[in-house]
Amino acid sequence: MKCDITKLDGKTSGSVDLDDAIFGLEPRKDILHRMVRYQLAKRQQGTHQVQERGDVSKTTKRIGKQKGGGTARHGNGSVSQFRGGGKAHGPRVRDHSFDLPKKVRALAMKHALSAKAGAGELIIVDDVTLKAAKTSDLVKVLEKMGVSNGLIVGGRELDSNLSKAAQNVKNLDVLPSQGANVYDILRRHTLVLSKEAVADLEARLK
Amino acid sequence: MRLNELADNAGATQKPTRVGRGIGSGKGKTGGRGVKGQKSRSGVAIKGFEGGQMPIHMRLPKRGFNKPNRLKLTELTIRRLQQAIDAGVLPKGELDAAALVSAGVIRRGLHGVRVIGGGELSSALKLKVRGITKGAQAIIEKAGGSVQVIEEVPAKPEKTAKPAKKAAKAEPAAKKPAAKKAPAKKAEAKPAADKKTPAKKAPAKKAAAKDGKGDDLTKISGVGPVFAKRLNGEGVMTYADIAGLTKARIAELDEKLDLKNNIENDDWPAQAKALMGK
């Protein structure tokens, strides 16, 4: 698949041949769905906890007698139906992640790139560097490229000017090529890849 | 494709059953774990108990019965036959119950095989079965095959062990009826047997009479062991005897043996002729 290479000022400068096995697939939303769920579940901290019956500090002395009290029988104040009692089946600290085969994860990445390429939301630029760490400069560049909501993937080392300039731009993410992932790609509308990033991704997904 | 457009395939995940969450779930009260106590034991008749009142299953009269010798036929669909053809397991030539069992098309023959419709057939088959539906017959004949419907139950293997003993026993028994009564027909048959000289007429009759017992008359539909014995008592020993019965003789036998016109109704002479041919 041929794709034009643009410069940051909006002019084209040659073209690049994209691998159809990575950028030319018919996107499968079930695989993408599973991958996104995998990522979100894996990143969940799971540090949620409440006090259950055993955790609540209450006296273990019997409340009233078993018989003859005239009210309901109760043994312990920490039970869930009492004020101040523990929570029944509350959240516990746990790991929410689940397994997804590596091959499926790699396939999901291909489908995510293909989805962007197929929808015409993929822009390839020769180089993503800025002369100065100025947000206003970057905003102008983005306007020229027609990117209002996007992800920029650079090479293995990001230009520090670019990452600084992008910090306060709304709806814009910047990632190095090894940080590119399905969730972040699908989260933003336009995907901007540098030439270096394309080479890196193709090597990774071969 | 955006995050909100993602979805897994329909049916990829199944929601777990929530046990013990109300009657409507169907797994409410005992949560699929059954009951405790007396009702959990085996052999408890508490189910039909109505508090001491005569329960409904005892109040109503008995009705119906189960026929102990019901004819049990193995059903065989045309579709299954086609599968066997596709798999290449059907032997060539005539297909009877034994052949179908050994080919693995049916598990066991029971009293016989009944072919029923459903599906299509690609090649011509020659079937020898106990029964067939009209539709199935049409399908088989359309494919160029043929069906032979056998009437009687195939002989059980245990019979092969017995004849030697029976033949020895039957020798004196055969003489008795000859001595007792000699109606015209039997008189003819007996001397031939006694002399053991080759008679040119009715060689089948003679050969059968030679080993004393005669043919196995129970193979005729309508003749059981009891009737066979009675017929033997009247001197009718072989298929040839039956095939050669005159109308007057039939009437006489009918009267004497209380056969209720079964000879004519089931057409024994014709059956006997068919059996003689085998």
Side-chain angles (χ1 to χ4, degrees), chain A residues 22-44 80 88-89 96-101 104-105 107-122 147-151 171-173 180-191, chain B residues 1-53 55 77 79-80 82-89 104 118-120 122:
Chain A
I22 296 172
F23 290 91
L25 299 170
E26 181 63 32
R28 275 182 59 181
K29 62 179 183 175
D30 56 322
I31 288 181
L32 293 174
H33 178 255
R34 280 183 204 188
M35 186 59 196
V36 168
R37 272 194 62 222
Y38 167 84
Q39 283 187 269
L40 294 183
K42 196 167 165 60
R43 84 174 185 189
Q44 192 173 351
S80 59
H89 305 301
H96 288 264
S97 66
F98 57 89
D99 289 335
L100 200 62
V104 175
R105 287 186 250 157
L107 186 63
M109 190 67 190
K110 292 178 191 172
H111 278 284
L113 294 171
S114 299
K116 287 297 171 197
E121 292 173 337
L122 179 65
V147 176
S148 60
N149 185 331
L151 167 68
N171 295 331
L172 184 74
D173 293 326
N181 63 82
V182 172
Y183 176 67
D184 283 322
I185 289 172
L186 292 176
R187 201 157 76 102
R188 296 297 179 207
H189 295 182
T190 314
L191 176 63
Chain B
M1 190 154 299
R2 305 269 189 266
L3 285 178
N4 62 322
E5 293 164 355
L6 301 182
D8 212 335
N9 289 331
T13 56
Q14 199 174 15
K15 276 195 174 177
T17 312
R18 297 184 72 223
V19 173
R21 294 291 184 274
I23 298 167
S25 69
K27 284 274 179 288
K29 201 181 99 187
T30 53
R33 287 179 181 269
V35 286
K36 302 204 280 185
Q38 189 186 3
K39 285 183 187 172
S40 73
R41 315 289 174 211
S42 69
V44 175
I46 207 166
K47 285 272 166 58
F49 187 64
E50 297 179 11
Q53 165 184 303
T77 59
R79 192 170 289 119
R80 183 75 192 88
Q82 183 59 45
Q83 274 176 10
I85 292 168
D86 294 341
V89 296
E120 288 180 0
S122 66

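Order of the sequence lines fixes the chain letters, A, B, ..., with proteins taken first and strands second; residue numbering starts at 1 for each chain. On a predicted model such as this, the values are computed, not experimentally measured, just so you know.
If you take CG on B/Leu3 and CG on A/Asp184, they are separated by 9.5 Å, rounding to the nearest 0.5 Å. Rounding to the nearest 0.5 Å gives a distance of 4.0 Å between CG of B/Asn9 and CG of A/Asp30.
Here the closest non-hydrogen pair linking B/Ala12 and A/Arg34 is CB-NH2, 3.6 Å.
No more than 12 heavy atoms of other residues, nucleotides or ligands lie within 6.0 Å of CD in B/Glu120, so this atom counts as exposed by the packing criterion. Enclosure of atom CZ in A/Arg37 is not indicated, since only 12 or fewer non-hydrogen atoms of other residues, nucleotides or ligands lie within 6.0 angstrom. Annotation: B/Asn4, atom CG; neighbour count of heavy atoms from other residues, nucleotides and ligands within 6.0 Å is above 12. Taking a 6.0 Å sphere around CZ of B/Arg33, one finds it holds 12 or fewer heavy atoms contributed by other residues, nucleotides or ligands.
Side-chain atoms of B/Met1 and A/Lys29, non-hydrogen and from C-beta on, do get closer than 4.5 Å to each other.
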